[in-house]
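Written below as structure tokens is the structure these notes are about.
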Amino acid sequence: MTRQSRLLAIDQGTTSTRSLVFDAEGRLIASAQREFPQYYPQAGWVDHDPEDIWRDAIETAREAIAKSDAPITAIGLANQRETVVVWDRATGAPIHRAIVWQDRRTASECERLRDEGAEALVRARTGLLLDPYFSATKLAWILDNVSNARQQAERGQLAFGTIDSFLLWRLTLGQVHATDATNASRTLLFDIHRQCWDDELLALFRIPHGLLPSVQDSSHFYGATIAELFGAPIPIAGVAGDQHAAMVGQACFKPGMVKSTYGTGCFALRNTGAEPASPRGGTLTTMAYRIEGVPTYASEGAIFIAGAAIKWLRDRLGLISDAAETSEIAAKLPGNHGVYMVPAFVGLGAPHWDPHARGLLCGLTLDSSAAHIVRAALESVAYQTFDLMEAMTGDGSLQAQGKSALRIDGGMAANDWFCQFLADILDAPVERPIMLEITAHGAAFLAGLSTGVYPNLAAISNVWARGARFEPRMAHAERERLIEGWRDAVRRALSSGGEATR
Ligand SMILES: Nc1ncnc2c1ncn2[C@@H]1O[C@H](COP(=O)(O)OP(=O)(O)O)[C@@H](O)[C@H]1O
Ligand SMILES: O=P(O)(O)OC[C@H](O)CO
């Protein structure tokens with residue numbers, strides 16, 4: 001291990017962009033972060049301005065590099081997944097705002113394709129479902145709705161990418177048009193078994209092949225940044241979708257290991273090894289990571305709203321002024337008083353996959369207070385995780401997977417009350433690493449792996465360090481009662497009147 005190595009991770013998330021410098025022992029040396037605007041042009045639509053993302057990526061990277069005590073060995077990128085950017089190859093200018101993973105504008109197109117019987121093909125090739133969450137229908141929407149876009153795409157004048165591809169293009173001034181296998185696996189266009197773009201899927205979604213980036217390993221030399229950006233070229237040596245980077249950051253390298261990341265949404269991934277698991281109960285089959293050409297697969301449960309519910313309490317309801325207050329507010333209550341929140345603000349993801357579900361608060365009485373609503377928001381994220389585990393294992397327990405602890409990270413993992421409640425509801429221990437910036441850590445690890453900072457995955461496992469462990473301590477009957485109350489609330493929120501759609 002090279003002692004003076006410094007790895008820069010750029011973690012481009014849904015609500016903020018941050019750059020962090022780590023040393024080879026995994027210590028955080030420097031960081032910088034910016035929140036950026038969210039655009040909601042219509043109900044259920046969510047856009048980002050790619051220029052905001054580019055500006056923040058560069059500014060935070062420059063700031064972190066300036067604070068670093070040694071030169072940067074390599075850069076790793078982690079990014080919000082599925083979000084679509086289309087840009088002009090000649091100018092690098094986006095032709096439309098980025099359409100964000102949370103955006104539901106293509107729900108009816110997905111329903112049309114499902115009615116035509118396309119879901120079996122999609123499920124078999126990609127491990128995913130026909131849901132507006134994924135990239136393909138968003139990309140087709142841009143081609144169909146921006147004047148001349150389809151013609152330009154067919155003439156090879158445009159490029160498509162998830163956020164990683166767009167940043168790679170800009171960092172290398174158009175020399176690199178690439179993505180990694182984890183990001184590709186979220187587009188609905190990539191065959192996860194053959195590890196290539198799939199012509200039948202491209203035809204189904206009407207996507208010209210010439211738009212697509214090349215697909216590389218997650219740990220790979222992608223190219224070097226142009227010298228003008230950071231004073232000297234720096235190799236870009238790792239790329240992964242943020243949830244996959246978190247798998248690496250949590251050192252979930254053995255089959256059966258599970259991590260759950262609580263940022264804007266919550267994404268639980270279980271390593272299934274060299275073979276893709278058959279999807280069950282509304283979970284997805286996806287890549288964990290791809291290293292030296294060898295794919296490692298994962299089962300995934302995706303919850304669209306986790307920390308975003310806490311942000312909503314702060315920004316829209318004004319019930320709190322800081323997310324961190326929620327831990328103490330919830331802890332002061334003896335119970336939830338029968339109040340539940342189903343934060344289906346953008347529909348429900350796994351295991352229900354109901355884009356038309358909408359959020360609700362229920363069980364309110366004249367006794368209910370703001371504190372009950374705050375607690376209900378925190379509780380909802382734990383119940384949703386239980387639903388994911390249940391979908392993955394059949395009974396909600398982590399023990400059923402032969403592993404006893406769930407490794408968690410992301411903004412909400414800082415909340416002790418939430419961590420304890422999660423352990424109680426899952427009836428399993430929850431482990432939180434010392435380093436909560438696990439996504440960025442994973443991106444740095446991937447860059448360090450391809451530049452010789454780490455010889456192998458075992459060296460990365462050695463860097464992972466547990467910060468806290470929460471043991472389940474809730475009585476069985478209480479847990480059952482709470483989960484039953486949650487199930488009742490979810491039935492009310494589903495658009496199909498209580499039946500899970502898949
Ligand atoms: N102490 C806390 N308790 C509950 N939620 C929190 C806490 N701190 C941050 N959050 C929530 O976590 C989210 C930020 O986490 P982060 O991992 O930075 O998200 P992202 O990468 O999606 O932008 C925000 O939605 C915020 O509301
Ligand atoms: O920005 P995050 O951390 O909420 O992650 C977003 C996911 O990648 C969407 O699939």
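The figures here come from the full heavy-atom set of this structure, side chains too, leaving out hydrogens, waters and symmetry mates. Both ligands and their constituent atoms are indexed starting at 1 by order of listing.
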Between Ser165 and Ala178, is there a donor-acceptor pair closer than 3.5 Å when you use the side chain of the first and the backbone of the second? yes
Check whether the side chains of Gln216 and Ser214 place a donor and an acceptor atom closer than 3.5 Å, and report yes or no. yes
Just jot down the ligand 1 atoms closer than 4.0 angstrom to any heavy atom of Ala308, in number order. 25 (O)
Pick out which of Gln243, His244, Arg270, Arg186 makes a side-chain hydrogen bond (donor to acceptor under 3.5 Å, both in side chains) with Glu300. Arg186
Here the atoms of ligand 1 under 4.0 Å from any heavy atom belonging to Gly410 are 17 (O)
Please state whether the rings of Tyr383 and Trp486 are parallel, tilted or perpendicular, taking 30° and 60° as the class boundaries. parallel
Provide, to 0.1 Å, the distance between atom 9 (C) of ligand 2 and the closest protein heavy atom, together with that atom's residue and name. Glu82 OE1, 3.3 Å
Tell me the protein heavy atom at minimum distance from atom 1 (O) of ligand 2, and give that distance in Å. Thr14 OG1, 2.5 Å
Could you tell me which atoms of ligand 1, counted from 1 in the order shown, lie closer than 4.0 angstrom to a heavy atom of Thr326? 3 (N), 4 (C)
Of the listed options (Gly307, Ala413, Ala309), which comes nearest to atom 24 (C) of ligand 1 when hydrogens are ignored and any heavy atom counts? Gly307
Proximal atoms of ligand 1 relative to Thr264 (non-hydrogen, under 4.0 Å): 19 (O), 20 (P), 22 (O), 23 (O)
Looking only at non-hydrogen atoms, which of Gly411, Ser16, Ala377, Ala414 approaches atom 17 (O) of ligand 1 most closely? Gly411
Donor-acceptor pair, Tyr340 side chain versus Val490 backbone, under 3.5 Å? no
Over 60° means perpendicular and under 30° means parallel, so classify the ring planes of Phe267 and Tyr133, tilted if in between. parallel
Heavy atoms only: which of Ile305, Asn183, Thr15, Asp242 is nearest to atom 7 (C) of ligand 2? Asp242
Any atom of ligand 2 sitting under 4.0 Å from a heavy atom of Gly265? yes
Ala324 neighbourhood, listing ligand 1 atoms whose heavy-atom distance to it stays under 4.0 Å: 1 (N)
Taking only heavy atoms of Arg18 into account, list the atoms of ligand 1 that are under 4.0 Å away from them. 16 (P), 17 (O), 18 (O), 20 (P), 21 (O)
If I take atom CG from residue Leu129 and atom CZ from residue Arg123, how far apart are they, to the nearest 0.5 angstrom? 4.0 Å
Regarding Arg290 and His220, do their side chains bring together a donor and an acceptor under 3.5 Å, going by distance alone? no
